[in-house]
Amino acid sequence: MRTFAALALLAQVCQLALAIESAPYDLVNSAEYEDKCLFADVRGARVPGAEVGHHIPPLHLSPEATSDVMFRKLFNYIDGQNDAAMKIDMTAPVTTLVIPGEGPNCENNFTMSFYVPAAHQDNPPTPTNPDVYIEERPELHVFSRRFHGFANDEDWIVNAAQLHDDLVAAGEEGVDFQTYYTVGYDSPFVIIGRNNEVWFMKNDMN
C-alpha cells in the first residue's frame, strides 16, 4: 500500500513538473458537457493533413498516423524550424479540426493547431516549413465533453457521438455537427490523469 501511495505521489509531482501554458477561455456553463468561450484574436501554428490526401498520398495513413505526421511538423516548428531559429515552449491544448468525408470511401480532412505562447502572441516566428502556418483564430464558442487516458480514434468517435446525443437531448440550438475538434491537454510523458476533450462549435455567437 505504501509503495502504491508513493508511486501515485511521484506521478502527481511529475505531472505538475510537466505543466504547460494553456490557451485562455471562459467557462460559460457546466452540465453533462461544458459550454466554453475561447478568447478571440489568439494566434496558433497550424498544419493541414488528410487521411488520404495530397500531403501524404502514397501512404494511405490511418487517422492516428496522420495525427503523428501533423504533430511532428508542428513540434519541429517550436523546436526551432522557424525564421528566428527559436525554441518555443509547448502549450495546451493541441486541437485538431476534423471534417469528416462524405461517404465510406471519401477522405477525412484534419487541421492540427498549437496555441502560440503569450510571450510570442504579438510577433510569432514564421515557420520555415511551408506546410505550417500562423493563423489568428477568431473567438470560438464550443461545447465540450471530457474523458481521460490515452485516446485512440475510436475513443474520439464514441465521445463525439455521446456529446452529440447530450446536446440534442438538452435542446441546444445552433450547433455545428458537421465538424468537430479533438483536443489533447497533456504531454506524451504524462501517464496518469490524462485529459482529452471533443468539441462541437456553436454557430451563433450572440
Side-chain angles (χ1 to χ4, degrees), residues 20 22-53 60-71 74 91-115 135-186 188 190 192-206:
I20 51 181
S22 295
Y25 70 92
D26 278 336
L27 180 62
V28 179
N29 190 25
S30 180
E32 291 297 320
Y33 52 86
E34 289 187 341
D35 184 351
K36 294 181 178 181
C37 186
L38 281 74
F39 288 176
D41 302 329
V42 295
R43 293 177 173 84
R46 312 189 78 188
V47 60
E51 185 175 339
V52 182
H60 297 271
L61 298 178
S62 68
E64 292 176 9
T66 300
S67 179
D68 290 342
V69 171
M70 292 189 295
F71 185 89
L74 286 172
T91 58
V94 177
T95 64
T96 303
L97 173 63
V98 182
I99 304 177
E102 296 182 4
N105 297 317
C106 295
E107 68 179 28
N108 293 331
N109 289 300
F110 306 89
T111 302
M112 181 179 285
S113 304
F114 284 5
Y115 166 66
E135 181 175 81
E136 191 167 291
R137 175 178 283 179
E139 181 175 291
L140 289 180
H141 190 166
V142 302
F143 297 101
S144 71
R145 174 180 171 83
R146 177 162 290 199
F147 62 101
H148 305 285
F150 283 95
N152 58 35
D153 192 46
E154 182 178 359
D155 293 325
W156 297 120
I157 293 171
V158 167
N159 280 276
Q162 183 62 60
L163 177 58
H164 169 277
D165 292 349
D166 289 344
L167 293 169
V168 170
E172 294 286 357
E173 298 181 351
V175 183
D176 178 6
F177 289 122
Q178 302 305 308
T179 64
Y180 64 96
Y181 279 91
T182 65
V183 184
Y185 284 88
D186 299 292
V190 175
I192 297 174
R194 295 184 62 82
N195 294 303
N196 316 289
E197 291 178 348
V198 289
W199 293 350
F200 284 115
M201 289 181 290
K202 186 170 184 177
N203 291 319
D204 183 9
M205 294 300 298
N206 296 324

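Side-chain atoms are counted along with the backbone in the values below, which use heavy atoms only and exclude waters and symmetry mates. If you're wondering where the values come from, they're calculated on a predicted model, not measured in any experiment.
Under the 4.5 Å side-chain criterion, counting only non-hydrogen atoms from C-beta, N196 is not in contact with T182. With a 4.5 Å cut-off on side-chain heavy atoms, V142 and Y180 do not count as touching. The shortest side-chain heavy-atom distance between T96 and W156 does not fall under the 4.5 Å cut-off. Between T111 and E135 there is no side-chain heavy-atom pair separated by less than 4.5 Å. Side-chain contact between V198 and F147 is present, with at least one heavy-atom pair separated by less than 4.5 Å. You'll find the side chain of E197 reaches within 4.5 Å of the side chain of Y185, heavy atoms only.
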Original post:
Going through the distances and angles, do I99 and T179 end up as a side chain to side chain contact (heavy atoms under 4.5 Å, CB included)?
Top reply: CA-CA 5 Å; I99 304 177; T179 64; 3.8 Å; yes
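Rounding to the nearest 0.5 Å places CG of L74 at 10.0 Å from CZ of R46. A distance of 13.5 Å separates CZ of R145 from NE2 of H164, quoted to the nearest 0.5 Å. To the nearest 0.5 Å, atom CE of residue M112 and atom OG1 of residue T95 are 8.5 Å apart. For the atom pair I20 CD1 and Y115 OH, the distance stands at 12.0 Å (nearest 0.5 Å). W199 CH2 to R146 CZ: the interatomic distance, rounded to the nearest 0.5 Å, is 10.0 Å. Atom CG in L163 sits 10.0 Å away from atom CD in E172 (nearest 0.5 Å).
Shortest non-hydrogen contact noted between T91 and F114 is OG1-C, 4.4 Å.
Taking the ring centroids of Y181 and F143, they lie at or beyond the 6.0 Å cut-off.
Checking side-chain atoms of D186 against main-chain N and O of N195 turns up a donor-acceptor pair under 3.5 Å. Under the 3.5 Å distance criterion, the side-chain polar atoms of H148 are matched with a main-chain donor or acceptor of R194.
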